[in-house]
Amino acid sequence: MDVFKLKKLCVISIAVILLSFGCSTVSESEEIKVDEIVKSMTLVQKAQLVIGTGMDFHLPDSIKANLPPEFRGDHEKEDTPYNRMVKKIRTYLPGTAGVSVEYPELNITSQTLADGPAGLRISPTRKDDSNTYYSTAFPIATVLASTWDVELVESVGKAMGEEVLEYGADVLLAPALNLQRDPLCGRNFEYYSEDPLVTGKIAAAMVNGIQSNGVGTSIKHFAVNNQETNRMSADVIVSERALRELYLKGFEITVKESNPWTVMSSYNKVNGLYASESHDLLTKILRNDWGFEGYVMTDWGGGSDVITQMNAGNDMIQPGRPNMITTIIDAVKSGKLKEAVLDKNVERILNVMIKTPRYKGYKISNKPDLKAHAQVTRQVAADGMILLENKNNALPFDESIKKVAAFGNASYEFISGGTGSGDVNEAYTVSLTEGLKNGGFVSDPTLEEVYIDYIKEARSKPVKSKNFLAQLMGAKLPITEMPLDASIAKQMAEITDVALITIGRNAGEGGDREAIEGDFYLSETEKNLIRIVTEEFHKTGKKAIVVLNIAGVVETASWSAIPDAVLCAWLPGQEGGNSVVDLLSGKVNPSGKLTASVPLKYEDVSSANNFPGYEIKTEDSEDKTTDQSGFSFMRRLPWEVVYEEDIYVGYRYYNTFDVPVAYEFGYGKSYTTFEYSNLKLSSKKFIDRIAVSIDVKNTGKVGGREVVQVYASAPEGKMEKPKEELVTFGKTALLEPGESETLTFTVDAMLLSSFDEKNSNWIAEAGDYTIKVGASSKDIKKIDTFIISNDIIAEKVTKALVPQRDFTRLVK
Ligand code: BGC
């Protein structure tokens, strides 16, 4: 074929690909089409489109019997055209969280909305079908963020999105990007970081990866959903500044850098109004300030008034209930809801619909490349684990190590992901002991038997949890740690080469962490386990390594000096055991770093005094506990949480107020060492932006990668500032010993700005700035300074979400 023909063919193929997928902006002809569709719809059809079709909770009859009729699905038994349609569209992809209606005669196709965020959550088996439909359980979000590797995260998104596409979903309800405000939040594992920049950059990479498949995402939970306790009614009282700089920032970056198709509003209230009913949040900020073009859906059962939701710009209610459809119709008829508003909601939903695979008639294969994705998850999990301690280079294992004694229940019941809607139905989980065997090690069989017997016995009794939802969904909740008999440790120290002690913690949607004692703090049994095993192994000249298989930060300071090494593996997805062993064996050199600080004690956390808030006593409080406007099993207690710590969350607090921590934000060890040199700023005087470059050299003996963090300290101007804030970051390629790389960064005025509440401006105040380049927020390697001569207004935004009353705010 001649070059010309080849070029022509390429152009045509690219055009076809763009037309069938990926093309995220709506072309003019498509706009006209949507317009026409809206015009052709009846009021009833519009109302049905904006309200989801309800949800089959698959609950046991005993529980269903106690629910009000509309939650039992009784109304679905009637044989109406609507019910027939609902029944049909629910078969498209069993196990998804929600669907929107279809009207083939109007060219309106149904949208299948499936959870996230650790992978595609669908039913692995189907009625009268012998095939299986497993998805990959990728590592939890915290692991992804701990890689600090936006390209790698984008590749995870690509893989996840391929499963969404090939199994036939249209929108993945992910990523989840609330801030890790407090270590006790039960859903922290679904979130990325205590820092909004890391959150936004990683989330944007994820969205770009997923959406590159021509499927959508729903970034959630917008906004300030930083706890599970009374999440459906908690009113978060928070300053405009903390909102803009911290809680909204990650969403802002994601919207601007990745164009998510949809946004999920959160359950909670923000400064007095439900997020899903807040015009300030969903229209003024999300659309007017940030330019979001997609549609907003509620979280499942969120908010209380569908008319206010429509007016606020919350276009779709999920999962929806039939009486809501009637409410919309009546409101339009009575003039309470303008039809033009409803039309806009409908139009936004349809603008996304025309991009979906179902609308485009994509032929699904039901065969995503699960094998390839297993490799992706294995690699990303290893890259996101964090080496916290490594005394005398205890890790990686040297060649003498063959036989391993695996202690701790979680070595055998390795936890791959959290509970609740973020739980994935994967085909398998590689436990730590399986990972050891796959890596060519022997896990001592006698010890295995002891643990397996204990676990069997413990599992024969019901496992209690505070988390009702986890229990309802049949989640495998961790059992109490087996008290270790010292004689077993002694015997193992004689016959094996090394001890691994796995400490397990799960958490999940519907509840915050089980407790402070025994959850955030290790239990006495766990501490004894670490102590006894280490002592016995040290007696025989051998080492003991702790592996933290945890959903959220635990206290480490009281015990971390005991073992020889501590590896934080988080909940690393279905290949978790293999990923851990890749690090233990040295096949992979750890390069993950903490995206949340590890405090010395819980009281040191800046939100400790106000997490998770308190009940507001009103005269009719009692009635509200039985409010049925959302899920009947999620109570709505009048509740308030005041973010008194304001902008001082995580390292912004610890560093500014000199509160020591166990491990600081950005911390993580490697098997090699790096040297930083040659920090250069493009100018000493800031005009629009400044370029920062630094050389990083591997000065150790093995190849490795380094996460490089750039912090800025702003001058004390009119607004007080945290001591330093992360402004950008990067990660080197794999550097062989002696090899170096120059990393370059650009810092613009927005990155240096603080939010001025009075004028709703982002301002980089005039004065001297310090750029600090480091290996963590405390381990600063090089610094330099520049000056901003006059205040720069980086951006002016809308006045919005003003707190309705004064409250105490932490000041320096
Ligand atoms: C969760 C969301 C989830 C939705 C659908 C809600 O309870 O908060 O994260 O996407 O359910 O399953």
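Owing to the predicted nature of the structure, the values given are computational and were not obtained by experimental measurement. Whatever order the structure lists ligands and atoms in, that order sets their numbers, starting from 1.
- Counting all heavy atoms, side chain and backbone alike, I364 lies closest to L165 at CG2-O, 3.3 Å.
- Counting heavy atoms under 4.0 Å from ligand 1, residue R231 touches it through the side chain alone.
- The N/O atoms of W300, backbone and side chain alike, include none that comes under 3.5 Å of an N/O atom in ligand 1.
- Between L173 and W300 there is a side-chain heavy-atom pair separated by less than 4.5 Å.
- With a 4.5 Å cut-off on side-chain heavy atoms, I516 and L184 count as touching.
- A cation-pi contact, defined as under 6.0 Å to the ring centre and within 45° of the axis, is absent between R181 and F611.
- Comment: E257 engages K201 in a salt bridge, judged by a side-chain N to carboxylate O separation of less than 4.0 angstrom.
- In this structure, Q318 does not count as a contact residue of ligand 1, since none of its heavy atoms falls inside 4.0 Å of the ligand.
- Against a heavy-atom cut-off of under 4.0 Å, L173 is close to the following atoms of ligand 1: 10 (O).
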* Would you please test V50 and L342 for side-chain contact (heavy atoms from CB on, under 4.5 Å) and show each step? => CA-CA 8 Å; V50 296; L342 182 62; 4.0 Å; yes
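- Which parts of ligand 1 touch A97 is read off a 4.0 Å heavy-atom cut-off, strictly below it: atoms 5 (C), 12 (O).
- The distance from ligand 1 to the heavy atoms of H221 drops below 4.0 Å at these ligand atoms: 2 (C), 8 (O), 9 (O).
- With respect to the salt-bridge test (charged N to carboxylate O, under 4.0 angstrom), the residues K88 and E102 qualify.
- Ligand 1 lies nowhere less than 4.0 angstrom from a heavy atom belonging to E190.
- Counting heavy atoms under 4.0 Å from ligand 1, residue M297 does not touch it at all.
- Of all atoms in ligand 1, numbered sequentially from 1 with element shown, those under 4.0 Å from a heavy atom of D299 are 1 (C), 2 (C), 3 (C), 4 (C), 6 (C), 7 (O), 8 (O), 11 (O).
- A side-chain donor from one of Q180 and T142 sits under 3.5 Å from a side-chain acceptor of the other.
- Proximity of M264 to ligand 1 is established by a heavy-atom distance of less than 4.0 Å.
- Looking at T298, L172, N225, D115, it is D115 that brings a heavy atom closest to atom 3 (C) of ligand 1.
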